[in-house]
Amino acid sequence: MAPRASIAGAPSPMALRSPRHLAFFDRVFTRFARRHLRAVRLARWGRPDLPAGDGPVVVFANHPSWWDGMAVMLLWRRLLADRELYVPMDAEALGRYGFMRRLGVFGVEPGPRGAAGFLRIAGEVLSEPHRLLWINAPGRFSDARERPVPIAPGMSRLPELAPGGTFLPLALEYTFWNERAPEMLAGFGEPIPAADLLALPRD
């Protein structure tokens with residue numbers, strides 16, 4: 001299916017996404033991470049293990065740090081690059097980093113109208129089985145130890161948009177140990193079929 005030229009008057013993230021830009025910024029982000037991170041560590045149990053077959057994927061992660069945006073590129077390119085990546089981002093912040101629109105990033109406005117816009121674009125993204133929507137589930141920065149884990153309201157609507165899809169949890173944390181530079185710690189959890197989530201009360 002060809003990407004629509006626009007969604008609600010805004011350029012479609014499918015139309016703006018550029019594999020050439022993704023390859024270039026993967027190199028940029030990798031060099032930056034090598035300079036400023038001591039390591040990126042994936043738990044032995046934490047490699048993504050998606051089921052065989054088609055269907056869109058939603059990676060939903062916690063949001064403990066500014067580094068999470070870097071984590072998307074570093075982990076996606078090395079572990080999930082067979083799927084076409086799209087990422088929501090605060091619209092005001094995206095306005096300061098316009099190049100990210102070429103990486104599959106799309107803006108989300110605050111408030112109910114913004115939530116409706118997010119769900120509209122998410123539905124378009126998840127309409128194709130080879131696509132991946134990567135979201136920070138809390139919708140805001142939150143400490144990795146915060147309990148209960150915060151989940152933004154729009155997150156609970158996504159299984160309805162992709163009933164044949166798979167939801168893949170991701171835990172992120174950053175620690176300095178005894179070093180000046182932090183380590184990025186990551187681990188993907190067990191994949192969850194959207195149908196299993198649809199069987200649960202939304203609350």
Side-chain angles (χ1 to χ4, degrees), residues 1-33 40 48 50 54-63 65-110 114-140 152 154-155 157-159 161-162 164-170 172 184 186 188 191 194:
M1 180 186 296
R4 294 192 299 193
S6 64
I7 298 175
S12 163
M14 279 64 76
L16 292 175
R17 185 181 185 275
S18 164
R20 183 170 61 85
H21 282 75
L22 280 160
F24 172 76
F25 280 102
D26 174 53
R27 294 192 294 272
V28 171
F29 291 173
T30 298
R31 282 198 302 268
F32 187 87
V40 176
L50 291 171
D54 259 347
V57 172
V58 176
V59 171
F60 62 103
N62 60 328
H63 193 16
S65 169
W66 171 91
W67 276 101
D68 297 346
M70 199 74 63
V72 175
M73 180 66 75
L74 296 174
L75 297 175
W76 168 73
R77 285 286 286 192
R78 287 151 184 82
L79 300 170
L80 294 162
D82 58 327
R83 293 182 175 271
E84 199 173 283
L85 174 71
Y86 295 93
V87 183
M89 181 178 180
D90 177 79
E92 183 177 350
L94 182 58
R96 298 193 295 271
Y97 303 101
F99 72 89
M100 297 186 77
R101 292 186 176 91
R102 306 295 287 171
L103 310 183
V105 179
F106 59 93
V108 179
E109 299 283 351
F118 162 71
L119 291 173
R120 186 167 53 249
I121 297 176
E124 181 74 6
V125 168
L126 297 173
S127 68
E128 292 291 335
H130 63 283
R131 292 181 183 152
L132 184 154
L133 180 67
W134 190 303
I135 66 171
N136 294 316
R140 60 171 174 83
M155 171 76 195
R157 299 291 303 273
L158 294 179
L161 302 179
T166 299
F167 285 69
L168 187 63
L170 169 64
L172 295 168
M184 178 189 295
F188 290 89

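In what follows, every heavy atom counts, from backbone to side chain, and hydrogens, waters and symmetry copies are set aside.
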Who pairs with [X] by side-chain contact (heavy atoms from CB on, under 4.5 Å), at least two apart in sequence or on another chain?
X: Ala152; result: none
X: Ala115; result: none
X: Phe24; result: Arg27, Val28

Within a strict 4.5 Å, meaning less than it, do heavy atoms of the [X] and [Y] side chains meet?
X: His130; Y: Asp54; result: no
X: Asp82; Y: Leu50; result: no
X: Leu119; Y: Leu158; result: yes
X: Trp134; Y: Leu75; result: yes
X: Leu16; Y: Phe106; result: no
X: Leu74; Y: Phe32; result: no
X: Leu103; Y: Val72; result: no

request  = Show the numbers, then the answer: is there a side chain to side chain contact (heavy atoms under 4.5 Å, CB included) between Trp67 and Leu172?
outcome  = CA-CA 10 Å; Trp67 276 101; Leu172 295 168; over 6 Å; no

For the student: nearest non-hydrogen atoms of [X] and [Y], plus distance:
X: Ala61; Y: Pro138; result: O-CD, 3.4 Å
X: Ala162; Y: Ala194; result: O-CB, 3.1 Å
X: Ala137; Y: Phe60; result: CB-CB, 4.2 Å

Inter-residue atom distance [X].[atom1] - [Y].[atom2], 0.5 Å rounding:
X: Glu128; Y: Met14; atom1: CD; atom2: CE; answer: 9.0 Å
X: Leu168; Y: Leu80; atom1: CG; atom2: CG; answer: 6.5 Å
X: Thr30; Y: Met73; atom1: OG1; atom2: CE; answer: 8.5 Å
X: Leu126; Y: Ile121; atom1: CG; atom2: CD1; answer: 11.5 Å
X: Thr166; Y: Leu132; atom1: OG1; atom2: CG; answer: 10.5 Å

N/O donor-acceptor pair under 3.5 Å between Arg131 side chain and Glu124 backbone =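 Pair found, side chain donor or acceptor close to backbone of Glu124.
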
ask   = Would a distance-only check, ignoring hydrogens and angles, find a side-chain to backbone donor-acceptor pair under 3.5 Å from Trp76 to Arg83?
value =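 Yes: the side chain of Trp76 pairs with the backbone of Arg83.
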
Under 3.5 Å donor-acceptor pairs involving side-chain atoms of residues 85-101, not counting sequence neighbours:
from  : atom 1 : to    : atom 2 : distance (Å)
Tyr86 : OH     : Glu84 : OE2    : 2.3
Asp90 : OD2    : Glu92 : N      : 3.1
Asp90 : OD2    : Ala93 : N      : 3.0

request  = Taking salt bridge (charged side-chain N to carboxylate O under 4.0 Å, His left out) as the test, write out the residues that go with Arg77, two or more places apart.
outcome  =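 Result, salt bridge (charged side-chain N to carboxylate O under 4.0 Å, His left out) vs Arg77: Asp26.
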
inquiry  = List the residues meeting salt bridge (charged side-chain N to carboxylate O under 4.0 Å, His left out) with Arg20, not counting sequence neighbours, and say none if there are none.
reply    =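 Per chain and number, Arg20 pairs via salt bridge (charged side-chain N to carboxylate O under 4.0 Å, His left out) with no residue.
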
